[in-house]
Amino acid sequence: MIHLTNSKPPKSAQEVAVDCLSRRALTHYELETRLHEKGYESMEVNEVLEKMEKLGYLNDQELALTVSQNRLRRYSRRRVCQDLQKRGIVPQIIEQALGLTYSSEAEFQQCVTLAERWWVEEGKRWEQRILVKHAKRSVPRELWLRQKVAQKLVQRGYPSDLVSNVLYQIQTNNNGDG
């Protein structure tokens, strides 16, 4: 009988770190957590983290800025802030990155853009729903659209007062056109 053994030596913490970072950019906290979960000692983990930072593979400031720039067109400042906090980035770095990326006017305009697009999409869905079901229009179209679009905007992290203002603006513009 042949016994199968694991002939590979266990990976060093540095090899695991490079392997993790080759797949996805990680924060200091995320990489530290992964290495601890793999069973590496704190001293070894700290040495590896320091080396990865010196080599430029681990940079929370750069990561926070990149994430905020990539999510600018899809998510609110608040949502991106929450996502970065979950990834273990310190508040000062988050605020610095968001300050460079987001402005209140740009965020408002992005919210308007998303709301207008979704207003049209949800309007088409509402029409299809009514045609398919041949049902009584139990919920008025405008109310249904406001609810659907508001839900999507809030899920993206936009504050409810901003969402209300944007929806009021869209509804006023649509009523003025018709």
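It should be emphasised that the depicted structure is a prediction, and the values quoted were computed from it without experimental measurement.
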Would you say that Tyr75 contacts Asp83 through its side chain, given a criterion of any heavy-atom pair below 4.5 Å between the two side chains?
no

Considering all heavy atoms, the nearest Lys11-Val16 contact
CB-CG2, 3.8 Å

How about Lys51: does its NZ atom have over 12 heavy atoms from other parts shown lying under 6.0 Å from it?
no

How many angstroms lie between atom CD of Glu30 and atom CG of Leu21, to the nearest 0.5 angstrom?
10.0 Å

Does Gln69 CD have over 12 foreign heavy atoms under 6.0 Å away?
yes

Quick one: SG on Cys20 to CE on Met52, what's the gap to the nearest 0.5 Å?
10.5 Å

Evaluate the side-chain proximity of Gln147 to Gln151: yes if any heavy-atom separation is below 4.5 Å, no if none is.
no

Are Lys124 and Glu127 ion-paired here, with the side-chain N under 4.0 Å from a carboxylate O?
no

Is Leu26 reachable from Tyr40 through a run of hydrophobic residues whose side-chain heavy atoms are each under 4.5 Å from the next?
yes

Does any N or O in the side chain of Gln14 come within less than 3.5 Å of the main-chain N or O of Val48, such that one atom is a donor and the other an acceptor?
no

Candidate pair Glu95 and Arg77, rule salt bridge (Lys or Arg N to Asp or Glu O under 4.0 Å), full reasoning
CA-CA 10 Å; Glu95 281 307 312; Arg77 176 187 176 102; 2.7 Å; yes

What heavy-atom pair brings Leu114 and Arg74 nearest, and what distance separates the two atoms?
CD1-O, 4.0 Å

Count I, L, V, M, F, W, Y as connected when their side-chain heavy atoms are under 4.5 Å apart, and connections chain through other members. Are Trp144 and Val166 then in the same cluster?
yes

Reported NZ-to-CD distance for the pair Lys148 and Glu121, which is rounded to 0.5 angstrom
13.0 Å

Check Glu107 against Ser76 and note the closest heavy-atom contact, atom names and distance.
OE2-CB, 3.2 Å

So, Glu105 and Gln109: side-chain donor and acceptor under 3.5 Å apart, yes or no?
yes

Hydrophobic cluster identity match, Ile93 and Leu63, side-chain contacts under 4.5 Å
yes

Please give me the minimum heavy-atom distance between Leu58 and Leu49, naming the atom from each residue.
CD2-CD2, 3.7 Å

Determine whether more than 12 heavy atoms belonging to other residues, nucleotides or ligands lie under 6.0 Å from atom OH of Tyr29.
no

Which value, rounded to the nearest 0.5 Å, describes the distance between Leu65 atom CG and Leu98 atom CG?
9.5 Å

Group every Ile, Leu, Val, Met, Phe, Trp and Tyr by side-chain heavy-atom contacts under 4.5 Å, then state whether Leu55 and Val45 land in the same group.
yes

Quick check on Glu15: does its CD atom have over 12 non-hydrogen neighbours (other residues, nucleotides or ligands) under 6.0 Å away?
yes

Look up atom CG in Leu84 and atom CZ in Arg71, then write down how far apart they are to the nearest 0.5 Å.
7.5 Å

Under a 4.5 Å side-chain heavy-atom rule over Ile, Leu, Val, Met, Phe, Trp and Tyr, are Leu72 and Val80 clustered together?
yes

Look up atom CG in Leu167 and atom CD in Glu142, then write down how far apart they are to the nearest 0.5 Å.
10.5 Å

